[in-house]
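Here is how names work: the chains are called A, B, and so on, in the same order as the sequence lines, proteins then strands, and each is numbered from 1. All of these numbers come straight from a predicted model, not from anything done at the bench. Scope of the values below: all heavy atoms of this structure, side chains included, with no hydrogens, waters or symmetry mates.
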2 protein chains.
Amino acid sequence: MVVNQSLEAMHFVEDIGLFFEQMGLPRMAGRILGVLLISDPPAQSITEICEKLQASKSSISIMARLLVERGLIEQVASSVPRRDFYRFKPGGWIVYMRQWLGLISALHEITERGISLMDSKPVELRGRLQEAHDMFSYVEQEFPALLDQLENQRQNK
Amino acid sequence: MVVNQSLEAMHFVEDIGLFFEQMGLPRMAGRILGVLLISDPPAQSITEICEKLQASKSSISIMARLLVERGLIEQVASSVPRRDFYRFKPGGWIVYMRQWLGLISALHEITERGISLMDSKPVELRGRLQEAHDMFSYVEQEFPALLDQLENQRQNK
DNA sequence: TCGAACGTTCAGTATTTACAAAACATTCGT
DNA sequence: ACGAATGTTTTGTAAATACTGAACGTTCGA
């Protein structure tokens, strides 16, 4: 994000990158997403993103694929031949949060295994795991409704 | 988690470690938390954790501090002198999720800046950011209630 | 058919970072 | 007061990984 871009835009892009880093994902992937959130037009090719970010084609190619796998961007049918255009995928953030919920579910299962590991132990020793188990159960029960709400809210626009 | 521990316990500990890695945190921190979730007694000293995990004191010391900062474990008043005991902090997972919400709030602010960045542009170009903004607003509005529910549920046990 | 444009893949590099080993500080028992 | 036990801090290292550059394959236009 160096060439022909405003300072504010650069800052925005970098902040999305830093957010990605906080989440344990490659910063460059975040930067690509940042570009595709404010680009005009919304769909951009690999090379265009390369130029904007002053980064190598290989990075962009690989990280774009990662973003596609995560459901945050998508490839659009290209008018120009030999050019792959990517854009932010509508509803992508919902997909993102569903994946987060998936991790919580995984953790839920782990705590279940932990509890069964302790069934010969006195109850007070199981309290820690029981607390986790109850929490994640509740989240797994309530969070999907929130996601559905978001889904509806988005589509009724 | 090698000495005097069952295979299942080792597996459990390692799974918490892997979960941490997924979340972008050091695996060793997750392993410590894993130990403190199933240990008997619940409170363990640095050296005890070292032995269980067959890891270095420095790792354990540093990662334990990280877990304290994150609100997942706490130091307990020690009976034995010169020994710092740590245990899982009741309600720690709620703190953890509050921090997640904090990241979402940060992202919310970033998108706001992104929108103001685009206010000279036509509306359809702002759609992407508006979608993100609306989503995170909603999460910020609804998620705290869920956390409070969890808090109450936990304390009325 | 040749060359140019574009994206992908592969190999290499440089940076980060998780972890360990050692030196250090502190506190307590003797 | 000394030495042992415990935790902290610092330094070093090995491994992971983010990123680059170059080679490659493909497709299209001239």
Side-chain angles (χ1 to χ4, degrees), chain A residues 1-3 13-14 16-36 43-70 73-87, chain B residues 1-3 13-14 16-36 39 41 43-70 73-87:
Chain A
M1 204 59 171
V2 173
V3 179
V13 166
E14 202 60 24
I16 303 280
L18 291 171
F19 171 78
F20 262 59
E21 214 166 60
Q22 288 274 326
M23 290 301 192
L25 296 166
R27 193 189 291 193
M28 189 65 81
R31 287 197 271 243
I32 295 173
L33 185 63
V35 167
L36 294 181
Q44 301 272 319
S45 70
I46 299 280
T47 33
E48 282 170 331
I49 301 172
C50 277
E51 287 161 9
K52 281 183 202 268
L53 292 176
Q54 294 289 97
S56 68
K57 278 189 295 175
S58 41
S59 272
I60 307 303
S61 176
I62 290 168
M63 292 304 156
R65 183 165 41 188
L66 184 146
L67 286 170
V68 170
E69 282 166 6
R70 297 250 171 186
I73 69 174
E74 64 186 352
Q75 219 170 339
V76 300
S78 166
S79 45
V80 187
R82 261 174 323 152
R83 248 200 187 127
D84 302 355
F85 285 95
Y86 292 91
R87 71 168 177 203
Chain B
M1 204 58 170
V2 174
V3 179
V13 167
E14 201 60 25
I16 302 280
L18 291 170
F19 171 78
F20 263 59
E21 214 166 59
Q22 288 274 325
M23 288 302 192
L25 296 165
R27 192 189 292 194
M28 190 65 81
R31 286 196 271 242
I32 295 173
L33 184 64
V35 167
L36 294 182
S39 61
Q44 301 273 319
S45 71
I46 298 280
T47 32
E48 282 169 331
I49 301 171
C50 277
E51 287 161 8
K52 281 184 201 270
L53 291 175
Q54 293 289 94
S56 68
K57 277 189 295 176
S58 44
S59 273
I60 306 303
S61 177
I62 290 167
M63 293 304 154
R65 181 165 46 188
L66 185 147
L67 286 170
V68 170
E69 282 165 8
R70 298 250 171 184
I73 69 174
E74 65 185 353
Q75 218 170 338
V76 301
S78 167
S79 46
V80 186
R82 259 176 326 152
R83 255 208 181 115
D84 303 353
F85 285 94
Y86 292 92
R87 70 167 178 202

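- What you find for B:R31 and B:V13 is that their closest heavy atoms are O-CG1, 3.5 Å.
- Between the axis at the start and the axis at the end of the helix from C:dT1-D:dA30 to C:dT30-D:dA1 there is an angle of 0°, using five pairs per end and rounding to 10 degrees.
- In 5' to 3' order, the nucleotides of DNA chain D bounding all contacts with chain A (an atom under 4.0 Å from a heavy atom) are D:dA18 to D:dC28.
- A pairwise comparison of heavy atoms in B:V76 and B:A43 identifies CG2-CB, 4.0 Å as the closest pair.
- Pairing each heavy atom of A:I46 with each of A:S61, the nearest pair is CD1-CA, 4.1 Å.
- Residues B:I60 and B:C50 come closest through the heavy atom pair CG1-SG, 3.6 Å.
- Considering every non-hydrogen atom in both A:A29 and A:L67, the closest pair reads O-CD1, 3.3 Å.
- Other residues, nucleotides and ligands contribute at most 12 non-hydrogen atoms within 6.0 Å of the CZ atom of B:R70.
- The side chain to side chain contact (heavy atoms under 4.5 Å, CB included) test with A:Q44 singles out one residue from A:K52, A:E51, A:R83, A:R87, and that residue is A:K52.
- Heavy-atom minimum distance, A:S45 versus A:F85: N-CD2, 3.5 Å.
- Contact of the A:F20 side chain with the A:I32 side chain is not registered, since no non-hydrogen atoms from C-beta on lie closer than 4.5 Å.
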Extract from the structure each pairing of a protein N or O with an N or O of nucleotides 15-25 of chain C at less than 3.5 Å, listing the distance.
{"residue": "C:dC19", "atom": "OP1", "partner": "B:R31", "partner atom": "NH2", "Å": "3.1"}
{"residue": "C:dC19", "atom": "OP2", "partner": "B:M28", "partner atom": "N", "Å": "3.3"}
{"residue": "C:dA20", "atom": "OP2", "partner": "B:S56", "partner atom": "N", "Å": "3.0"}
{"residue": "C:dA20", "atom": "OP2", "partner": "B:S56", "partner atom": "OG", "Å": "3.1"}
{"residue": "C:dA20", "atom": "OP2", "partner": "B:S59", "partner atom": "OG", "Å": "3.2"}
{"residue": "C:dA20", "atom": "N7", "partner": "B:S58", "partner atom": "OG", "Å": "3.1"}
{"residue": "C:dA21", "atom": "N6", "partner": "B:S58", "partner atom": "OG", "Å": "2.9"}

Given the rule in the side-chain contact (heavy atoms from CB on, under 4.5 Å) test, do B:M28 and B:L53 qualify, once you have shown the distances and angles that lead to the verdict? CA-CA 9 Å; B:M28 190 65 81; B:L53 291 175; 4.2 Å; yes
